[in-house]
Amino acid sequence: MAQLRFHNTKTGQKEEFEPIEPGRVRMYACGPTVYDRAHIGNARQAVVFDVLFRLLRNLYGEGVLYVRNITDVDDKINARALELWNSDGAQSLADVVRVITNETIEWYREDMGALSVLTPDLEPRATEFIPEMIELILRLLEGGFAYVAEGHVLFSVDAYSAYGDFSRRSPEDMEAGARVEIAPYKRNPVDFVLWKPSDSNEPGWDSPWGRGRPGWHIECSAMSLKLLGNNFDIHAGGADLIFPHHENEIAQSICANPGSEFARYWMHNGLLTVNGRKMSKSLGNVITIKDLTNKGISGGAIRLTLLSTHYRQSLDWTETKLEENTRAMERWAGMMEDAPNCTGAVSPEIVAALSDDLNTPKAIAELHRLAKEGDFGSLKASVELLGLLTGESGTGRVQVEDGMQNLIERLLQERAGARGRRHFDEADRIRDLLLSAGVEIKDGPQGTEWSATSRFNPDRLEQGNPGDSAIVGGFADDG
RNA sequence: GGCGAGUUGGCGGAGUGGCUACGCAGCGGAUUGCAAAUCCGUGUACACCGGUUCGAAUCCGGUACUCGCCUCCA
């Protein structure tokens, strides 16, 4: 078996990976907060750790247990619900919250399916683990690691001397640089909320401290400890979660279980920029998976783009990159279609590349090599290990309805006739028309073959505007 | 202000001491009515300044610039 090596955020170094229990790997990834469509940043995390999951399954088989939570209690969700809530109506705010979270979970499943992200073994919802969270908080209170103040329960950072070690920052620095308003009831400004009171409208649960809801970090501790144990192998998430989320999770979990180490290996994916700028709602440059699939871009192309940069680097999302990867997916898809019966084993070089801290760019380079050498069997198996060209992520080829097929066939016949008469201007005009609509044609010895690309746009064919070639090969939808 | 990451050929992107990936684009050729697709060939780049070494993109020190986190964020 290839020796696995991962960069561990906890130590800041690349380390050999050995499971705590031989043959068994337990991993936890921070999943979505369900109040909005998944964007390409959410997708990057899901795809990267899906590759890790696939690699681990390839090496450890059924010994892998992968948990990815769903955060369905959160003030962002409450804020969204408040926007939609009609206070005169029959629904309570909590009902609206439930509608939003359920709908968003469906969207998330749909979007992840489009990207061929495998469903984790367990997808616990935070609201199903409220008793576990309360129990955990009680234990922290008993141990003197937390205190109650004005209906809140707060974690006392001063009670945990290692606080800040994980994210390599000192509480003093955090305090000095804090931009947050400091709640007066905190003993230390850096103390964070374990439980907070809910007003009568907000979702809330009865607790020893009154009706309230959990703070942001406690859910992940409660769920991972319950489902994976006090010591497990891998905890994954986006780099922006290192502080405060993961720092706080570690503090809570270890203090609640003295002597435990919580997660042994911590892996964080780099964040994503769009055209060189941070992707954020305030900048209005958030790209959702739905935005892309609505434009006819295949899940496979999105997935390949997300994997084309090493997971720890920041990734700049550009149209050029997406187009390049769309072309690559279409090319490989074409090879697979032309060689449906080829079988083979996953290339050992690809397993080796992935085993070395998930070096997906190197693995992709190997895919190119297999394609070039015509080793379609290995290509197919390797591509599947990366989750490309499987399931819904699709081939990049687009199915065309019958009526449109007939129109294309008729245009091709016209073109063939024109070519026969050596009227090449006419033939080329038809070819340009088809190209502008996203239909590629190939003249071969056996005649002309055609295929619709992901850019297929039937309106172009019907409008018939061969002079407008500016959009050929582009993603523009407005010409 | 604190912490961290990055700077590789036209673009993207691997690579932790010698063999200098890979993709896209470009260029030349084959093929083609012309194309597309395909195939063949073609690319000595590592921000800057010092240092270590027989030898550095790769190690060490410094400088510059870019970006991110520290606030909800994946």
I'd like the [atom1] distance from [M] over to [N], given in whole Å.
N     : M     : atom1 : answer
B/G12 : B/A36 : P     : 25 Å
B/G9  : B/G51 : C1'   : 27 Å
B/A21 : B/U16 : P     : 14 Å
B/G62 : B/C70 : P     : 27 Å
B/C46 : B/U32 : P     : 42 Å
B/C48 : B/A57 : P     : 11 Å
B/G43 : B/G10 : P     : 15 Å
B/G26 : B/G18 : P     : 34 Å

### For A/F155, all residues meeting ring pair (Phe, Tyr, Trp, His ring centres under 6.0 Å), sequence neighbours excluded
A/F192

Could you work out, with side chain to side chain contact (heavy atoms under 4.5 Å, CB included) as the rule, every residue matching [X], not counting sequence neighbours?
X      : result
A/P361 : A/H310, A/N359
A/A162 : A/Y160, A/D165
A/R421 : A/A418, A/H423
A/A352 : none

Might you list the N or O atoms of the protein lying below 3.5 Å from N or O atoms in nucleotides 34-43 of chain B, with each pair's distance?
| from | atom 1 | to | atom 2 | distance (Å) |
| --- | --- | --- | --- | --- |
| B/C34 | O2 | A/R431 | NH2 | 3.0 |
| B/C34 | N3 | A/R431 | NH1 | 2.8 |
| B/C34 | N4 | A/D443 | OD2 | 3.4 |
| B/A35 | N6 | A/D443 | N | 3.4 |
| B/A35 | N6 | A/D443 | OD2 | 3.3 |
| B/A35 | N1 | A/D443 | OD2 | 3.3 |
| B/A35 | N3 | A/R431 | NH1 | 3.0 |
| B/A37 | OP1 | A/R327 | NH2 | 3.2 |

### Task
Would you kindly compare A/P244 and A/R44 by the position of their nearest RNA chain B nucleotide and give the one closer to the 5′ end?
A/P244

### Message
By nearest heavy atom, map A/R422 and A/R168 onto RNA chain B; which one lands nearer the 5' end?
### Response
A/R168

### Query
Pairing of RNA chain B as dot-bracket, 5' to 3': ( ) intra-strand, [ ] crossing, | other strand, . unpaired, with Watson-Crick or G-U pairs under 3.5 Å?
(((((((..(((.....[...))).(((((.......)))))....(((((..]....))))))))))))....

Is there any protein nitrogen or oxygen under 3.5 Å from a nitrogen or oxygen in nucleotides 12-17 of chain B, and what are the pairs?
| from | atom 1 | to | atom 2 | distance (Å) |
| --- | --- | --- | --- | --- |
| B/G12 | O3' | A/K321 | NZ | 3.3 |
| B/G13 | OP1 | A/T309 | OG1 | 3.4 |
| B/G13 | OP1 | A/K321 | NZ | 3.1 |
| B/A14 | OP1 | A/H310 | N | 2.7 |
| B/A14 | O3' | A/N359 | ND2 | 3.1 |
| B/G15 | OP1 | A/N359 | ND2 | 3.2 |

Between [N] atom [atom2] and [X] atom [atom1], what is the distance in whole Å?
X      : N     : atom1 : atom2 : answer
A/Y163 : B/C70 : OH    : C1'   : 11 Å
A/E247 : B/U71 : CD    : P     : 13 Å
A/L115 : B/A74 : CG    : C1'   : 14 Å
A/D74  : B/C72 : CG    : C1'   : 8 Å

### Message
Closest approach to the side chain of A/H368, judged atom by atom: which nucleotide of B/A74, B/C22, B/C70 is it?
### Response
B/C22

### Query
Is it the case that A/N69 and A/Y28 place a side-chain donor and acceptor less than 3.5 Å from each other?
yes

### Query
For A/N285, what residues pass the side-chain hydrogen bond (donor to acceptor under 3.5 Å, both in side chains) criterion, not counting sequence neighbours?
none

### Message
Filter on salt bridge (charged side-chain N to carboxylate O under 4.0 Å, His left out), then keep only pairs touching residues 375-385 of chain A, sequence neighbours left out; what's left?
### Response
none

### Task
Hey, could you give me each pair passing salt bridge (charged side-chain N to carboxylate O under 4.0 Å, His left out) that has a residue in residues 38-48 of chain A? Not counting sequence neighbours.
none

### Query
A/D50: what forms a salt bridge (charged side-chain N to carboxylate O under 4.0 Å, His left out) with it, not counting sequence neighbours?
A/R54, A/R303

